[in-house]
Amino acid sequence: MINRIGVLTGGGDCPGLNAVIRAVVKTAINEYGWDVLGIEDGFEGLIQPGKVRPLGLDDVRGILARGGTILGTTNRANPFAYEVSVDGEMRVFDVSDDVVRHAQILGLDALVVIGGDGSLRITHELSQKGLKAVGVPKTIDNDLSETNVTFGFDTAVNTAVGALDRLHTTAESHHRALILEVMGRDAGWIALQAGIAGDADVILIPEIPYDLMHVVEKVVARSRSGVKYSIIVVAEGARPVGGAAVYQERREVGAERRLGGIGAALAEQLRAQNNAVEVRVTVLGHLQRGGSPTAFDRLLATRFGAMAVRLIADGRLGYMVALRDEQIVSVPIAAAVAAQKLVPLDSDILQTARALGICLG
Ligand code: F6P
C-alpha cells in the first residue's frame, strides 16, 4: 500500500531533470492519488534537516522545458562517505543509516532517485539497508549500462554540435586548428557523436589513448592538401598513449577529482611539434549541462518519470527505468551500476568515423 513517495535529483545536473520530476508528480497524483515529497539537493536532503517540501501539480507547472532541477542537486553528498568539517578539520562519516531512518520518518513508501552512476550506486547500497527506491538514469555522459541512452545526452550533443558549427567558420577564416574540449569523464560518447555530427577532423576519446603524431599528421596533411584549418574534438578524459588524463589542481570537499585541461595540453603538444599551426582552444564545460532539453530528452525524461512511478505501483523496488529498443523497461539498479557503458572499440560508429577519414588518435 503506497501513500507517499519522495523524489530527489543527485549528482551533476543535466537537461531533462525537471521533465522527470514533473512526470513523477503528475503520474503519482493523477494515476494513483499519492502524496509526493521533493527532497532538496540530492541525498543531502535526507542527511540535513529542513530540505523536504511537498510537491503538487502547481509546483511542476511550466517546468518541462526548463533546464536544471527545481529540487537542487549536489555531487558531494555520499551518505557512505560524508565529509564534514569538525574544528576546521575535514572528517568522513558514514551516515547511511540516518538516511534510511530519515526516509522512514518522512513516511516515504518509496523514493525516486534521478541520478547517474554515483547516485544510483548509493541508491543500490541504501536499498540493501532497507531504503525502498527506484532509479531514473541521467547523465550527459551517457555512460550508464543497461539503457540505450540517458536523458540529457542528446541536449549535450546538440550543444556541442552547435559549438562546432560556429568553430568551423572561424577556423576556416583564420586557417587555424581549433580544439573543442567537451565533457566525458570515462566515456567518449559526447565527443564521438558531436564530432561526427559536427564534421570534426580529429576526435579523441578516453577509450582510445591518442598518439600525438597521428594528430599532427592529420592537421599537416589537411594543410598540405590546401585545407588550411582543422577541427579537433577532445573529451575531457582523453589521454595520450602512455600518459595520464589532465586534472584540475584543487579537489573540492566531498567531490571527485575534477578533470579539465586536456584541450590546452593538446594545444601545447601540437605547437611544440609544428609551430606553423596556429592553435586555439575552447572549453565547452558546463554549457553542455545547462539550458532547455531537446524534444528527444523531454520525451525520454517524461517517459522515464511516468514509468518510475509505475514501477513503484508494481512493487518493482530496486529497479531502474531504461530505454531498450524504443520501449521503456525496468532493469535491476545493481546491473546498471555494475559496469560503465564505454564506446565499444568494435562499434559501427567508430568504423564510420574511420571510414570518413576522421583521425581517432
Ligand atoms: O558526469 C557528468 C560530468 O559532466 C562529467 O563529464 C564531468 O567530469 C563532471 O560532470 C563535472 O562535474 P562538476 O563540474 O559538476 O563537478
Side-chain angles (χ1 to χ4, degrees), residues 8-17 20 40-44 67-69 71-78 81-83 113-123 135-145 147 149-161 163 180-195 203-207 233-239 244-266 282-291 293-294 297 301 320 336-337 339-343:
L8 67 78
T9 49
D13 69 345
C14 77
L17 289 168
V20 181
E40 295 171 1
D41 299 335
F43 286 107
E44 185 87 32
T69 159
L71 292 175
T73 188
T74 176
N75 42 18
R76 295 196 271 169
N78 178 355
Y82 190 61
E83 279 194 84
V113 176
I114 310 167
D117 59 344
S119 303
L120 292 175
R121 190 165 295 118
I122 291 167
T123 306
V136 177
K138 69 89 218 178
T139 164
I140 63 162
D141 288 1
N142 194 33
D143 57 357
L144 259 164
S145 297
T147 182
V149 71
T150 50
F151 70 88
F153 172 67
D154 184 67
T155 308
V157 169
N158 275 286
T159 301
V161 170
L180 180 67
E181 178 180 316
V182 297
M183 283 188 172
R185 176 169 274 277
D186 303 303
W189 294 108
I190 296 178
L192 185 58
Q193 297 206 7
I203 302 174
L204 305 178
I205 61 175
E207 293 87 341
V233 184
V234 59
E236 61 181 354
R239 59 185 191 282
V246 180
Y247 286 90
Q248 300 188 9
E249 273 190 6
R250 279 170 56 93
R251 188 183 83 89
E252 290 156 351
V253 173
E256 272 189 84
R257 279 182 79 195
R258 295 177 63 214
L259 286 159
I262 184 68
L266 179 65
T282 303
V283 180
L284 202 50
H286 294 82
L287 288 173
Q288 293 157 99
R289 295 233 303 250
T294 58
D297 278 337
M320 178 190 94
V337 299
Q340 272 184 312
K341 186 180 69 185
L342 303 180
V343 176

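Both counts, for ligands and for their atoms, begin at 1 and track the order of listing. What you are looking at is a predicted structure, and each value in this text was computed from that prediction instead of being measured.
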Dump all N/O pairs between ligand 1 and the protein below 3.5 Å as a table: atom names plus distance, one pair per row.
from	atom 1	to	atom 2	distance (Å)
ligand 1	1 (O)	Asp141	OD2	3.4
ligand 1	4 (O)	Arg289	NH1	3.2
ligand 1	6 (O)	Asp141	OD1	3.0
ligand 1	6 (O)	Asp141	OD2	3.0
ligand 1	6 (O)	Gly184	N	3.4
ligand 1	6 (O)	Glu236	OE2	2.7
ligand 1	8 (O)	Glu236	OE1	3.4
ligand 1	8 (O)	Glu236	OE2	2.7
ligand 1	10 (O)	Arg289	NH1	3.0
ligand 1	12 (O)	Arg289	NH1	3.1
ligand 1	14 (O)	His286	NE2	2.7
ligand 1	15 (O)	Asn75	ND2	3.3
ligand 1	15 (O)	Arg289	NH1	3.3
ligand 1	15 (O)	Arg289	NH2	2.8
ligand 1	16 (O)	Asn75	ND2	3.3

For Thr9, side-chain hydrogen bond (donor to acceptor under 3.5 Å, both in side chains) partners two or more places apart:
Thr69
Just checking, is any N or O donor in the side chain of Asn158 or Thr294 under 3.5 Å from an acceptor N or O on the other one?
no
Criterion side-chain contact (heavy atoms from CB on, under 4.5 Å) against Ile140, the qualifying member of Thr150, Val182, Ile190:
Ile190
Going by the rule salt bridge (Lys or Arg N to Asp or Glu O under 4.0 Å), which residues pair with Arg289 if we only count those two or more places apart in sequence or in a different chain?
Asp13
Taking Lys341 for the side chain and Thr147 for the main chain, is one N or O donor matched with an acceptor at less than 3.5 Å?
yes
Suppose we screen for side chain to side chain contact (heavy atoms under 4.5 Å, CB included). Which residues come up paired with Pro206, at least two apart in sequence or across chains?
Ala235
